[in-house]
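The structure displayed is predicted, hence computed values, not measured ones. Counting starts at 1 for both ligands and their atoms, in listed order.
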Amino acid sequence: MILVLAAPSGAGKTTLAHALVEHRTDVEFSLSATTRPPRPGEQHDEDYHFVDDAGFDRLLADGELLEWAMVHGRRYGTMRAGVEAALAAGRHVVLDIDVQGAQRVRRSLPDAGLVFILPPSAAEMLRRLRTRGSEGPEELKTRMRTALAELDAVSGFDHVIINAEFGEALAEIESILDGSAPTQDDAEIAAVLERLRADIDDIIQRGI
Ligand code: 5GP
């Protein structure tokens, strides 16, 4: 199965994706290419396939990307070969990509499972972004604005997971892979979404 995890920044998506791959031998992580420079501690071909603009252009021209998107001014794309190799080896493959990318995967690979991960609250989302420490106040504000727009895409996803308790969120993702996902509590998701929108809006108005 191709499992796509998408979420606003600060929802804990990347940590969940990495934990999933560590936890299970039948799941592979899809390594993306990006023109974003590495953050401290990030390794080439481990966290991303880091390329310059010309390198990304080449990947595009050679048809090596399954999808790509511009996120916060940098290009990111899913490497077709990695996804195909994992599937050929009989493994699930997890894509940690942005919301636009997920929507594109839906169009080109209709059988992919699309999971939207929500942070439990706007305050927690901001706290996670600050802990990462790689964005200044203006960048944080941009990410909060982008998050508001991304929340509007939730209805196009197959599953929504509220990442309040890490172990529970991980177990939910595993149950989706295993085809035993519990029925979603739509009322709870609607309530979390409504509160998130109001609180993110408030944070943007008040300033970060
Ligand atoms: P970051 O720079 O924080 O690692 O990632 C920024 C955003 O780009 C995240 O939402 C991440 O999931 C997304 N992203 C990473 N790789 C890809 C990709 O291959 N395609 C798309 N569309 N988005 C990606």
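With salt bridges taken as basic N to acidic carboxylate O contacts below 4.0 Å, none links Asp98 and Arg104. Contact check on Lys13 versus Asp96 returns a salt bridge, with a Lys/Arg side-chain nitrogen under 4.0 Å from an Asp/Glu carboxylate oxygen. Under the 4.0 Å criterion applied to side-chain N and carboxylate O atoms, Arg206 and Asp202 are assigned as salt-bridge partners. Electrostatic pairing of Asp201 and Arg145 does not count as a salt bridge here, judged by no charged N lying under 4.0 Å from a carboxylate O.
For ligand 1, the polar-atom distance check against Ala7 finds no nitrogen or oxygen pair separated by under 3.5 Å. When only interatomic distances are considered, the shortest N/O to N/O separation between His72 and ligand 1 does not fall below 3.5 Å.
Under a 4.0 Å heavy-atom criterion, Arg104 is not in contact with ligand 1.
No hydrogens or angles considered: nothing links the side chains of Asp53 and Thr35 as a donor-acceptor pair under 3.5 Å. Using a 3.5 Å distance cut-off with no hydrogens or angles, the side chains of Glu172 and His159 do not pair a donor with an acceptor.
Of the protein's heavy atoms, Tyr76 OH, 3.6 Å lies nearest to atom 6 (C) of ligand 1. Protein heavy atom nearest atom 3 (O) of ligand 1, with residue, atom name and distance: Arg39 NH2, 2.9 Å. Closest to atom 15 (C) of ligand 1, if we only count protein heavy atoms, is Tyr48 OH, 3.2 Å. Protein heavy atom in closest approach to atom 13 (C) of ligand 1: Asp98 N, 3.6 Å. Annotation: atom 7 (C) of ligand 1 to nearest protein heavy atom, Val71 CG1, 3.7 Å. For atom 19 (O) of ligand 1, the nearest protein heavy atom (residue, atom name, distance) is Ser32 OG, 2.6 Å. Protein heavy atom closest to atom 11 (C) of ligand 1, with residue, atom name and distance, is Lys13 NZ, 3.6 Å. Scanning the protein heavy atoms around atom 20 (N) of ligand 1, the nearest turns out to be Glu67 OE2, 2.7 Å.
Only side-chain heavy atoms of Arg36 come within less than 4.0 Å of ligand 1; its backbone N, CA, C and O stay farther off.
The contact set between ligand 1 and Thr78, taken as ligand atoms under 4.0 Å from a residue heavy atom, comprises 19 (O). The ligand atoms of ligand 1 that sit less than 4.0 angstrom from a heavy atom of Arg143 are 3 (O).
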